[in-house]
Amino acid sequence: MNRTLAGLKKPERVETLKKKMLDEKRYVSIEQARIITDTYKRHPDRSAIVKRALSLKNALLHLSIDTHNEELIVGNRSRGVRQGIVFPESGTSWIDREFESLPTRPQDKFQVRQEDIEMFRQDIRPYWKSRSLEDVIRERYGSEIDEIALVVKINQKDHAQGHICPNTEKWLKLGPEGIKQEASARLAVCEGESREFYESVILVMEGAQEFMLRYHRLILEKLESESDPAIRQDMRATADNCRNLSQRPAESFHEAVQSLWFLFAILHLESNASSFSPGRMDQYLYPYFKKDLERGTIDEQRALEIIECLWLKFNQIVYLRNSHSAKFFAGFPIGFNIAVGGQTPDGKDATNELSFILLKAQEHLLLPQPNLSVRLHTNTPEELLKESIRVVSLGSGMPQFFNDESVIPAMTRLGISQEDANNYAIVGCVELTTPGNNLGWSDAAMFNLNKVLELTLNNGKCLITGKALAPDLGNIETYESFEQLEAAFAKQIHYFIGKMIAACEAVEKAHIDTLPSPFLSSVIDNCVELGKDVTAGGAKYNFSGIQMIQIANLADSLAAIKKLVFDEKRITSGELLRALRANFAGHEVTRAMLLNRAPKYGNDIVWVDELGAKWARTFNECLSHYRNYRGGLYHTGMYTVSAHIPMGENVGASPDGRYSREPLADGGMSPVYGRDLNGPTAVLNSVSRLDNHLTSNGGLLNMKFLPEFFKTESGINKFSQFLRTFVDLEIPHIQFNVLKKEDLIAAKASPEDYRGLTVRVAGYTAYFTELADELQNEIIARTSYGEI
Amino acid sequence: MEHAAEMTSGKIFDIRRFSTHDGHGIRTNIFLKGCPLACRWCQNPEGIAFQTHLVYFRNKCIRCGLCARNSLYGASAFENRTRIKLGRDQIEDCEACIDVCPAGALSLDCQVMTINEVVTEVMKDRRFFKYNGGVTLSGGEPLFQHEFALQLLMDLKQAGLHTAIESSLQTSPAILEQAAGMLDLIYADFKIFDTELHKRHTGVSNARIKENLKWLLTGNTQAEVIVRTPLIPEYTAFDDNIRSISSFISAIRPDVKYELLNYNPLAQAKYYHVEQKFCFDRNPRMYSDEEMTHFHTIALDAGITNLIK
């Protein structure tokens with residue numbers, strides 16, 4: 001990193017704005033819901049896409065807005081920050097059920113105003129009954145979805161499909177005026193259905209222009225009462241930006257960042273979906289940055305200040321989920337995912353000064369958003385790698401790392417062009433996409449392989465309730481060999497995949513009918529060209545991603561059955577079945593044997609890791625025969641966000657020694673926590689046995705380190721070597737939790753969950769949980785990251 | 001005749017992958033059992049005795065009693081002994097009770113491995129060694145099982161790996177010379193300068209150690225040599241000792257690399273498992289930065305120019 005960048009300071013104004021933001025209470029807002037409902041009521045005869053366009057335009061024209069004088073980047077989708085937006089087009093039934101409990105529910109609480117609840121029940125809810133996405137899906141396909149719910153969690157049932165990376169570059173180059181002209185030109189020469197599509201694009205662009213002008217006017221109003229000359233000057237510049245952007249494309253860096261934020265605020269206004277991803281900001285913003293630097297209108301410090309103002313904006317939009325979904329995706333992962341570094345479309349290293357500035361902003365703010373990712377490849381410069389590690393060591397878990405050497409080949413295997421694959425970005429948490437041209441539908445469903453194994457071992461019956469959920473193909477006692485068991489398992493997987501595909505199709509169809517998205521479509525390649533909405537398959541690429549849950553528990557369970565029941569016969573199949581049915585009560589010796597006498601995934605034991613990989617391959621292969629509703633491929637991912645907890649609640653006692661309803665392994669590719677006893681290199685070797693293409697939709701590997709490791713330059717060097725090998729091993733993803741004091745206190749209290757946690761002791765590394773009390777305290781005292 | 005790598009076996013009490021503190025890069029540490037010294041503060045007390053022991057981990061035990069029903073050793077372990085010394089002919093018998101334990105609460109304190117087995121284990125991480133890393137032999141005193149250690153070093157070198165050793169130098173000059181020829185890095189421990197004190201606290205005189213050190217520092221080996229003194233309160237960490245060691249080695253070689261290892265209080269945890277009394281009733285703390293600077297100054301004043309901090 002050059003000296004100028006190393007000397008960058010924390011901007012003062014950002015601290016002020018951050019404090020204001022965090023002090024504001026989080027409320028549920030029904031303002032936009034009223035505007036949408038009114039619009040729909042006024043235009044009962046228009047098609048879905050025009051209704052949606054008119055609703056968005058009205059919201060852009062009439063929603064109340066606000067700014068702070070210190071802001072260099074303005075705009076939001078609601079007047080207050082971090083509001084839970086009620087969005088009736090996608091679903092009102094669950095809000096009707098849960099409105100009162102929002103302030104007290106266990107995860108992701110919101111304050112509510114009593115008058116809003118009343119207005120919602122009186123004016124909004126009645127109109128949307130059986131019209132919203134949620135109700136449409138429920139009426140058309142609800143019972144089928146419920147029937148498989150313990151095995152397959154079908155997503156996007158009550159909210160619009162996000163998880164998409166728009167073509168920000170196009171937006172910056174054209175702006176709303178340019179896109180409006182593009183659509184007008186197409187409209188002039190087109191006939192049929194596409195006419196409404198282009199009309200809708202024009203409507204929402206007019207709305208966008210007016211939205212920007214409203215901010216321009218508001219800032220000028222506020223300028224009257226501001227006396228600080230420095231702030232006044234910035235306010236004028238910010239107001240000018242808003243006016244300029246409503247009329248022409250972005251020219252300066254400051255304008256480009258403001259323009260980017262308007263794009264994302266409006267995308268959220270249109271769809272209220274999870275994750276619109278800015279993607280490769282250091283690439284498409286670079287020309288603006290460089291030009292301003294050259295003509296001397298900004299310096300690096302100013303660029304950083306602008307970026308940090310944008311970073312705050314990323315934290316002002318949260319996403320209101322139903323309580324069930326909040327358990328799966330806890331803590332508002334809204335998914336402004338930014339990918340730093342990586343390669344250019346023609347395969348050269350893409351690192352530039354902005355890559356470092358984006359990392360610096362993360363280092364200063366340590367807020368949950370953006371979700372910062374660094375793309376690594378064989379030729380990633382050492383400085384970028386080291387700077388990333390330094391930011392990781394601060395303990396926010398970011399940046400996370402993606403591996404071009406794994407991701408790019410996995411993408412081209414799906415038929416994505418080499419150029420597009422080289423240019424990949426990330427949406428949501430770890431889902432992979434090509435930017436600006438891909439509706440990846442990456443969270444189509446989560447498939448619980450461990451539940452299917454349970455049904456295979458127990459006559460198709462749920463171990464928790466005894467209810468028949470799948471065909472009865474026998475149980476562990478009736479299978480005469482491990483191969484027979486595997487054959488039955490494969491059959492059950494096929495059975496549930498078939499049901500899942502039908503459900504996914506029903507969901508996609510309902511999205512086409514209820515949630516066409518003209519604004520989003522205008523920034524996704526091929527939609528404008530084809531005159532076809534993105535939900536209907538207008539994008540250049542159309543995938544559906546299914547998550548395999550959870551390979552670690554599955555490999556551990558199958559390895560235990562193979563070794564202890566079939567190979568060594570140390571446990572009889574009858575005993576195993578009884579132990580599972582009893583949740584191990586009275587079968588403690590059997591459980592101890594399953595836990596301790598069978599090898600576990602994540603320890604670099606080839607046959608165990610291969611068992612996991614084999615079933616992931618089988619699943620992936622089976623899926624590859626299907627096409628989604630938009631004509632695209634299904635593919636697989638291995639990540640859970642927080643879903644390993646609720647999905648674990650659905651699974652009875654398992655042959656890996658896990659008690660009924662306990663969480664599954666976290667991450668997606670990670671070993672079960674506490675079972676990886678051979679250290680981090682063994683974990684990487686194990687994970688590398690999962691082929692690249694199994695995680696073309698995204699993989700997640702979690703690792704935990706003590707902060708001590710990062711305290712010396714030598715530690716950082718070794719960490720960088722570790723990551724270089726991670727790149728060589730073609731593992732798609734890794735993220736690091738730097739352990740905090742509380743983690744160690746927890747490890748002391750529940751040692752069984754933390755068996756794999758190691759600490760450096762003199763000439764060797766020891767398991768933390770095996771150290772004497774006093775020494776554990778000593779290490780806890782030394783680990784001073786509790787304050788962060 | 002079978003190849004030596006399949007024939008020769010040694011007693012290994014631990015193999016640690018991702019060792020990052022001793023030597024360059026990411027390393028695998030191999031801990032060889034047996035040591036001619038018996039330092040009272042030893043960080044790896046289970047590595048001192050060459051004999052195999054049965055170890056019982058009470059915190060893992062689920063009290064099922066299966067071991068007690070299967071063997072005498074199991075029974076005796078179950079009665080809360082934590083460590084039982086085993087004669088050569090007893091080991092096989094003992095393995096039955098280890099095998100029967102569902103909880104993994106019983107184990108031997110070392111395993112007998114062939115050279116091939118050790119090399120295979122090490123090679124699992126070869127892709128991590130690419131960036132500067134390698135293997136470190138540790139112990140115990142790695143040259144105590146010298147036949148095994150020398151053959152192992154030869155095979156590791158043949159596999160193209162960077163090799164390091166942590167040695168007390170209490171070995172014959174001939175063995176040291178052979179080992180040095182196959183090593184890239186030698187950590188030579190020099191604990192106490194005064195011969196009488198050395199004998200009292202480690203059980204042996206340091207005469208041979210001094211001679212071997214001289215040999216190493218007078219240009220007889222290509223290997224990088226780093227002399228180290230572990231700072232053990234009362235035993236090694238006093239001004240006179242640091243001063244004498246520093247003058248002694250810098251007189252032999254003015255640019256000698258010297259490192260003072262801060263006291264690490266965590267070793268105490270192991271003494272419970274070996275049923276021995278730790279050398280401190282009240283475990284001292286690590287030295288502060290100021291105290292470390294004090295020791296560093298003494299070393300520098302006594303002629304050290306190449307101090308590793």
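So you know, we letter chains A, B, ... as the sequences are listed, proteins then strands, and number each from 1. As the structure is a prediction and not an experimental result, all values here were calculated from the model. Atoms considered below: every heavy atom in the structure, side chains included; atoms not considered: hydrogens, waters and symmetry mates.
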Chemist: Please report the interatomic distance OG1(A/Thr681) to CZ(B/Arg126), rounded to the nearest 0.5 Å.
Modeler: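 Rounded to the nearest 0.5 Å, the OG1-CZ separation comes to 12.5 Å.
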
Chemist: Which atom pair, heavy atoms only, marks the closest approach of B/Asp99 to A/Arg570?
Modeler: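 For B/Asp99 versus A/Arg570, the nearest heavy atoms are O-NH2, 2.6 Å.
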
Chemist: Of all heavy-atom pairs between B/Arg17 and A/Asp604, which one has the smallest distance, and what is that distance?
Modeler: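 Heavy atoms only, the tightest pair is NH2-OD2, 2.6 Å.
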
Chemist: Is B/Lys130 close to chain A through its backbone or its side chain, or both, or neither, when contacts mean heavy atoms under 4.5 Å?
Modeler: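 Just its side chain gets close to chain A.
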
Chemist: If you count heavy-atom pairs under 4.5 Å with chain B, which of A/Met593, A/Glu588, A/Arg591, A/Gln721 comes out on top?
Modeler: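 When all of A/Met593, A/Glu588, A/Arg591, A/Gln721 are compared, A/Gln721 has the most.
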
Chemist: Rounded to the nearest 0.5 Å, what separates atom CG in B/Asp125 from atom OG1 in A/Thr725?
Modeler: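 Reported to 0.5 Å precision, the distance equals 9.0 Å.
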
Chemist: Please report the C-alpha distance between B/Cys101 and A/Arg597 in whole Å, then the side-chain angles of each, then the deciding distance to 0.1 Å, and finally whether the side-chain contact (heavy atoms from CB on, under 4.5 Å) criterion is met.
Modeler: CA-CA 9 Å; B/Cys101 173; A/Arg597 288 297 180 184; 4.1 Å; yes

Chemist: Check B/Gly104 against A/Asn596 and note the closest heavy-atom contact, atom names and distance.
Modeler: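 Heavy-atom minimum between the residues: N-CB, 4.2 Å.
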
Chemist: May I ask you to check whether A/Phe722 and B/Phe18 place their ring centers less than 6.0 Å from one another?
Modeler: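 Judged by ring-centre distance (under 6.0 Å), A/Phe722 and B/Phe18 do meet the cut-off.
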
Chemist: Could you look at A/Asn717 and say if it's the side chain, the backbone, both or neither that has a heavy atom under 4.5 Å from chain B?
Modeler: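 Neither part.
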
Chemist: Identify the heavy atoms of A/Lys718 and B/His24 that sit nearest to each other, and give their distance.
Modeler: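 For A/Lys718 and B/His24, the tightest heavy-atom pair comes out as NZ-C, 4.0 Å.
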
Chemist: Checking heavy atoms, do the side chain of B/Ile26, its backbone, both or neither come under 4.5 Å from chain A?
Modeler: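 The answer is both parts of B/Ile26.
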
Chemist: I would like to know whether B/Phe128 and A/Leu684 meet side-chain contact (heavy atoms from CB on, under 4.5 Å); could you show each step before the answer?
Modeler: CA-CA 10 Å; B/Phe128 293 89; A/Leu684 289 202; 3.8 Å; yes

Chemist: Below 4.5 Å from any heavy atom of chain A, which atoms of B/Asn262 appear? Answer side chain, backbone, both or neither.
Modeler: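 Neither part.
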
Chemist: Within the structure provided, determine whether B/Tyr131 and A/Leu723 are in side-chain contact (heavy-atom separation under 4.5 Å).
Modeler: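 Side-chain contact under 4.5 Å: no.
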
Chemist: Sort B/Leu261 into side chain, backbone, both or neither according to what part of it lies under 4.5 angstrom from a heavy atom of chain A.
Modeler: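 Neither part; nothing is under 4.5 Å.
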
